[in-house]
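Structure first, commentary second.
Heads up: numbering here begins at 1 and tracks the sequence.
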Amino acid sequence: MSALLPVVVLSATLVALFGVVLPLLLLGPVMATRTRPQPQQLLFAVVLLIPTIAIGSVFLAWWAASWLETAEAPSPTLVGISLVAAATVGLLAPLRVPTGGGGPFWLKPLLGFSAGILVPVAVMESIVLGLHEVAAAAIGVIVLGLLVVVFRVIAKPLAARRHAKQLRASVERFQGQLVDVTDEAWRLTGAKGDANQIVLQYAGEEDGKKLGAVLLLKRDMEWVPVAKENESAVFELSRGLNGHPTEAVLAQKQLGTPATLTLRIPGTTVLSIREGVADSLSWVEFIGKLELSDASRLLERQLPEEH
């Protein structure tokens, strides 16, 4: 029996178990809750995941060595260990996609599956050619490294295209008044929402410092500027987005935490601006960078490569 069959089957089994089944069993219930997962819940799931993968890897390596020995593969123990190690590393290796982006869900399992096949095959062929087991293992490591590099190169454009598609869908879905940051130093890095509200994430740089701001646009007919004791205050902006004075609410729950500025813009939309780092934004200056926009103009400015 060809040694390639157990390699393919074992690689697919490992990827299915470690890349799909285990994450769904341990992280699925945590991520499925409507409330935001607590750090303790995620930590507990990860603590369970690590020893489970370790124990499963030992079992799969034993199974691989036994099956490969039956298939008369050279150095079945080394090949079995290299298969399990390569497939696991392929599943866990970071692809280093751009911030705010994410590669297709199938890319990491494909990397793990490919590594689980190509690395042990390279080790077997090296041994057949007469190389020492140590040299064969070194060649397997080189093949794994090259494979990770190739997938990182592939992942970047795929992640950028997926991110741009998600931004476009979110912006076009919103039915209220849109706002964009027109300063060239600021770029839209994320967008998520529905027809009634949208969250726009911006990243910028001023005086060599990296800044961030989150814009929440929400259709709300009933909102009025109201101050809350020890939490927020109402003041008048000399010039709002419509060019006229307007009242705004500046809220900060406690000193040292990021503040949020909320005001109504033309139509039925309320705009809330939250700074990424406490006391990092000059509100009047930042408001001056904002401009009323529509979906087509915003996308044309923020995604010029698609126009």
Q) Given side chains that start at C-beta, do those of Val123 and Leu78 come closer than 4.5 Å, heavy atoms only? A) yes
N/O donor to acceptor pairs below 3.5 angstrom from side-chain atoms of residues 255-270, sequence neighbours left out:
residue	atom	partner	partner atom	Å
Thr257	OG1	Gln254	O	2.6
Thr260	OG1	Arg274	NH1	3.4
Thr262	OG1	Ser272	OG	3.0
Arg264	NH1	Asp220	O	3.0
Arg264	NH2	Asp220	O	2.9
Arg264	NH2	Trp223	O	2.9
Thr269	OG1	Gln177	N	2.9

Q: Verify the cluster assignment for Val179 and Leu216: are they in a single hydrophobic cluster under the rule of side-chain heavy atoms below 4.5 Å apart?
A: no
Q: Please report the closest heavy-atom contact between Ser232 and Val249, naming both atoms and the distance.
A: CB-CG1, 3.7 Å
Q | Check: Ala93 main-chain N/O paired with Lys108 side-chain donor or acceptor under 3.5 Å | A | yes
Q: Assess whether atom NZ of Lys289 is packed by more than 12 heavy atoms of other residues, nucleotides or ligands within 6.0 Å.
A: yes
For residues 50-63, dump all side-chain donor-acceptor pairs below 3.5 Å to protein atoms at least two apart in sequence or in another chain.
residue	atom	partner	partner atom	Å
Thr52	OG1	Leu48	O	2.6
Ser57	OG	Ile53	O	2.7

Q: Decide yes or no for Pro94 and Arg152: does some side-chain heavy atom of the first lie under 4.5 Å from some side-chain heavy atom of the second?
A: yes
Q. Going by heavy atoms in the side chains, are Val214 and Tyr202 under 4.5 Å from each other?
A. no
**Q.** Reported CG-to-CD distance for the pair Leu217 and Gln175, which is rounded to 0.5 angstrom
**A.** 13.0 Å
Donor-acceptor pairs under 3.5 Å, side chain of residues 3-10 to any protein atom, not counting sequence neighbours: which ones?
none

Q.
Nearest 0.5 Å, please: how far is CG in Asp180 from OG1 in Thr182?
A. 7.0 Å
Q. With sequence neighbours excluded, what pairs up with Glu205 under the side-chain contact (heavy atoms from CB on, under 4.5 Å) test?
A. none
Q: Find out if a path of hydrophobic residues (ILVMFWY) with successive side-chain heavy-atom gaps under 4.5 Å connects Phe105 to Leu107.
A: yes
Q | Path from Leu292 to Trp186 over hydrophobic side-chain contacts below 4.5 Å | A | yes
Q.
Please say yes or no: joined through hydrophobic side-chain contacts below 4.5 Å, possibly via intermediate residues, are Leu83 and Val141 part of one cluster?
A. no
Q | Beyond-backbone contact of Gln302 with Arg187, side-chain heavy atoms, under 4.5 angstrom | A | yes
Q.
Could you tell me if the side chain of Leu188 sits less than 4.5 Å from the side chain of Leu298, heavy atoms only?
A. yes
Q) In Å, rounded to the nearest 0.5 Å, how long is the span from CG of Leu167 to NZ of Lys192? A) 12.5 Å
Q: Show the numbers, then the answer: is there a side chain to side chain donor-acceptor pair (under 3.5 Å) between Thr189 and Gln201?
A: CA-CA 6 Å; Thr189 60; Gln201 297 176 327; 4.6 Å; no
Q | For the student: nearest non-hydrogen atoms of Ser296 and Asp294, plus distance | A | OG-OD1, 3.1 Å
Q. Is there side-chain contact between Leu147 and Leu118, with heavy atoms separated by less than 4.5 Å?
A. yes
(Q) Pair Asp194, Phe174 - check side chain to side chain contact (heavy atoms under 4.5 Å, CB included), show working. (A) CA-CA 6 Å; Asp194 52 34; Phe174 183 60; 5.7 Å; no
Q: Kindly write out the residues that satisfy salt bridge (Lys or Arg N to Asp or Glu O under 4.0 Å) with Glu291, not counting sequence neighbours, or none if the list is empty.
A: Arg297, Arg301
Q) Of all residues at least two apart in sequence or in a different chain, which pass the side-chain contact (heavy atoms from CB on, under 4.5 Å) check with Ala169? A) Arg173
Q | Val15/Leu91 under side chain to side chain contact (heavy atoms under 4.5 Å, CB included): CA gap, chis, key distance, verdict | A | CA-CA 7 Å; Val15 170; Leu91 283 173; 4.2 Å; yes
Q. What pair of heavy atoms forms the shortest contact from Leu211 to Ser280, and how long is it?
A. CD2-CB, 3.9 Å
Q: Heavy atoms only: give me the nearest Gly80-Ala64 pair and the separation to one decimal.
A: CA-CB, 3.7 Å
Q: Give a yes or no on this: more than 12 heavy atoms of other residues, nucleotides or ligands lie within 6.0 Å of atom CD of Glu69.
A: no
Q: Flag the pair Leu14 / Val84 as yes when at least one side-chain heavy-atom distance between them is below 4.5 Å, and no otherwise.
A: yes
(Q) Show the nearest heavy-atom pair for residues Gly116 and Ser11, with the distance to one decimal. (A) CA-OG, 3.4 Å
**Q.** N/O donor-acceptor pair under 3.5 Å between His132 side chain and Ile127 backbone
**A.** no
Q: For residues Phe235 and Leu250, determine if any side-chain heavy atom of one lies less than 4.5 Å from a side-chain heavy atom of the other.
A: yes
Q) Counting N and O atoms only, with roles assigned by atom type, does the side chain of Ser170 sit under 3.5 Å from a partner on the main chain of Ala191, one being a donor and the other an acceptor? A) yes
Q: Of all the heavy-atom pairs spanning Leu144 and Ala86, show the shortest one and how long it is.
A: CD1-O, 4.0 Å
Q | Ser75 OG to Ile81 CD1 distance, which is reported to the nearest 0.5 Å | A | 10.5 Å
(Q) Could you check, using the six-membered ring where one of them is a Trp, whether Phe113 and Trp106 have ring centers closer than 6.0 angstrom? (A) no
Q. Same hydrophobic cluster for Ile117 and Leu17, using side-chain heavy-atom links shorter than 4.5 Å among ILVMFWY?
A. yes
